[in-house]
Student: 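Before we start, here is the structure in question, set down as structure tokens.
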2 protein chains.
Amino acid sequence: MSPTPEPARLRTIPSRLLAGAALVADRLVGERLAAEDAHKWHFAVLVTLAEAGAASQAELSRRTGIYRSDMVAVLNELADAACIRREPAPADRRRNVISLTPAGRRRLERLDTVIADAQRELLAPLTTGEQDELVRLLGLLTEHHRPPHPRPQRGAR
Amino acid sequence: MSPTPEPARLRTIPSRLLAGAALVADRLVGERLAAEDAHKWHFAVLVTLAEAGAASQAELSRRTGIYRSDMVAVLNELADAACIRREPAPADRRRNVISLTPAGRRRLERLDTVIADAQRELLAPLTTGEQDELVRLLGLLTEHHRPPHPRPQRGAR
DNA sequence: CTTAAACGTTAGTGGCACTAACGAATGTAG
DNA sequence: CTACATTCGTTAGTGCCACTAACGTTTAAG
């Protein structure tokens, strides 16, 4: 009985390749993070806070690409773990100011190595040159196809 | 007010880039196919039938990567549009033999151009050389991370 | 002062990969 | 031949994730 391979016509369609690769990548990263009781989104928020400093939830949402409706739960979890502080903004009582705690920094440090490991394993079959090239090409691609600049973020009346 | 950009640390993480690119690609292809009342999966099945000939549902499932539980609906829809025939296999009464009809061939022809257009638009920001390289790298990546050879396809008792 | 917009929050939708279990048919071992 | 395991098509359901809708509150703009 043959190994029933995927037809060549399908195997070379870029959108299919992207979907498959993204699935593999997400599974790999997700497993690694789950082993640390963490999540993709937690990492993104912690990185953003570390890199760009304290911000409102809406700002974090724009910077990370996480919808502000989903951001609530993410921040709740990070706050439960004492990784962030959430305090009302004095200047604008609509906003919350989200800031990193020392525990959050330590958490980020740990997740950083986990993420790095996962990326390394993900890209293992490629040379370092190829890895850079892949990142570059994907960057060009996502840069080009980008929602009309400020992301819509619908839901306002 | 700043345009609140994505932090550089996030923008260069391969798994994130892959997820983003796959999202863009899937949306693009999905929209194009939806305009033809078609679906990703329909195309995959039609291509597979055209390339490898008639097959059972389970075989199609393995070749396309579509789960056989999802395959049922896909084949129902294709049969409703008279794109495929579904007849019991004489040699093995468990199997159905799925085969392409002339209408299915015409349908595939149409979807082929739709898919090709979508891929072209997806890859527009890349040179043809870069497009080939991207496909090659993604191929290496998905090839390397592959479930222990025959896909598990759980659900048996 | 009225109207519009942005904020945080809750709830819900739709697509998709994937699991579970079934009845029926076939293959395999003793 | 008989018992057991496997494969098939099929139905139902789960979990994740991007995304939408609507709300009360607060601030900004005309």
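To find a chain, count down the sequence lines: A is the first, B the second, and so on, and within it residues start at 1.
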Student: Is A:Arg105 salt-bridged to A:Glu109, cutoff N-O under 4.0 Å?
Tutor: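 Judged by the 4.0 Å cut-off on N to carboxylate O distance, A:Arg105 and A:Glu109 do not form a salt bridge.
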Student: Send over the distance from A:Leu23 CG to C:dC16 C1', rounded to a whole Å.
Tutor: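 Going from CG in A:Leu23 over to C1' in C:dC16 covers 9 Å.
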Student: Give me the residues of residues 51-58 of chain B where at least one heavy atom lies under 4.0 Å from an atom of DNA chain D, by number, or none.
Tutor: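 B:Ser56, B:Gln57, B:Ala58 - these, ordered by number, are the residues of the stretch whose heavy atoms sit under 4.0 Å from the strand.
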Student: Any carboxylate oxygen within less than 4.0 angstrom of a Lys/Arg side-chain nitrogen, looking at A:Glu130 and B:Arg136?
Tutor: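 Between B:Arg136 and A:Glu130 there is a salt bridge, with a charged N closer than 4.0 Å to a carboxylate O.
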Student: Measure from the side-chain heavy atoms of B:Arg68 and tell me the nearest of C:dA21, C:dT10, C:dT19.
Tutor: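 That would be C:dA21.
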Student: Would you kindly give the CD-to-P distance between B:Glu59 and D:dT7, to the nearest whole Å?
Tutor: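 The distance from CD of B:Glu59 to P of D:dT7 comes to 13 Å, rounded to the nearest Å.
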Student: Between B:Thr12 and B:Arg9, do the side chains contain a donor N or O and an acceptor N or O under 3.5 Å apart?
Tutor: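 The answer is no; no qualifying pair exists.
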Student: Heavy-atom distance under 4.5 Å between the side chains of B:Ile115 and B:Val47, does that happen here?
Tutor: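 In short, these two side chains do not touch, never coming nearer than 4.5 Å.
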Student: Using atom CD1 of B:Ile98 as one end and atom P of D:dG9 as the other, report the distance to the nearest whole Å.
Tutor: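 Taking CD1 of B:Ile98 and P of D:dG9, I get 7 Å after rounding.
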Student: Expressed as a whole number of angstroms, how long is the span from B:Leu18:CG to D:dA18:P?
Tutor: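 Interatomic distance, CG of B:Leu18 to P of D:dA18: 14 Å.
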Student: Is there a donor-acceptor contact under 3.5 Å from the side chain of A:Thr142 to the main chain of B:Ala21?
Tutor: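 Here the side-chain-to-backbone pair does not exist.
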Student: With a 4.0 Å heavy-atom cut-off, tell me which residues in residues 30-47 of chain B come close to DNA chain C, sorted by residue number.
Tutor: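 The stretch gives B:His39, B:Lys40, B:Trp41 as the residues lying under 4.0 Å from the strand, ordered by number.
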Student: In whole angstrom, give the distance that lies between atom CZ of B:Arg27 and atom C1' of D:dA18.
Tutor: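 Between C1' of D:dA18 and CZ of B:Arg27: 8 Å.
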Student: Could you report the tightest heavy-atom contact between A:Ala79 and A:Ile84, atom names first, then the distance?
Tutor: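 Shortest heavy-atom separation between A:Ala79 and A:Ile84 comes out as N-CG1, 3.6 Å.
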Student: So, does B:Tyr67 get its side chain near the phosphate of C:dA17, meaning an N or O under 4.0 Å from OP1 or OP2?
Tutor: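 The answer is no; no side-chain N or O of B:Tyr67 sits under 4.0 Å from OP1 or OP2.
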Student: Is it true that the side chains of B:Glu6 and A:Thr64 contain a donor and an acceptor less than 3.5 Å apart?
Tutor: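 Looking only at side-chain atoms, A:Thr64 and B:Glu6 do not form any donor-acceptor pair under 3.5 Å.
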Student: Give the rounded distance in Å between these two atoms: CG of B:Asn96 and P of C:dA24.
Tutor: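 Distance check: B:Asn96 CG to C:dA24 P gives 16 Å.
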Student: Near DNA chain C, under 4.0 Å by heavy atom, which residues of residues 70-94 of chain B?
Tutor: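 The stretch gives B:Asp70, B:Asp92, B:Arg93, B:Arg94 as the residues lying under 4.0 Å from the strand, ordered by number.
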Student: For the side chain of A:Arg95, starting at C-beta, report the closest nucleotide among C:dT19, D:dC8, C:dG8.
Tutor: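 Per side-chain heavy atoms of A:Arg95, the pick is C:dG8.
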Student: Can you measure A:Leu60 atom CG to C:dT9 atom C1' for me and round it to whole angstrom units?
Tutor: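 Rounded to the whole Å, the gap is 16 Å.
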Student: Would you call B:Glu59-B:Arg63 a salt bridge at under 4.0 Å N-O?
Tutor: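 A salt bridge links B:Glu59 with B:Arg63.
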Student: Side chains of A:Gln57 and A:Arg86 only: does a donor on one sit below 3.5 Å from an acceptor on the other?
Tutor: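 Their side chains do contain a donor-acceptor pair, which is all the 3.5 Å distance test asks for.
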Student: Tell me whether the side-chain N/O atoms of B:Arg62 come closer than 4.0 Å to OP1 or OP2 in D:dC8.
Tutor: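 Checking B:Arg62 against D:dC8: at least one side-chain N or O falls below 4.0 Å of OP1 or OP2.
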Student: Show, in sequence, the C-alpha distance, side-chain angles and deciding distance for A:Arg107 and A:Asp37, and conclude whether the salt bridge (charged side-chain N to carboxylate O under 4.0 Å, His left out) test is met.
Tutor: CA-CA 11 Å; A:Arg107 180 80 163 149; A:Asp37 264 320; over 6 Å; no
Student: Is there a donor-acceptor pair closer than 3.5 Å between any side-chain N or O of A:Gln131 and the backbone N or O of A:Leu123?
Tutor: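 Yes.
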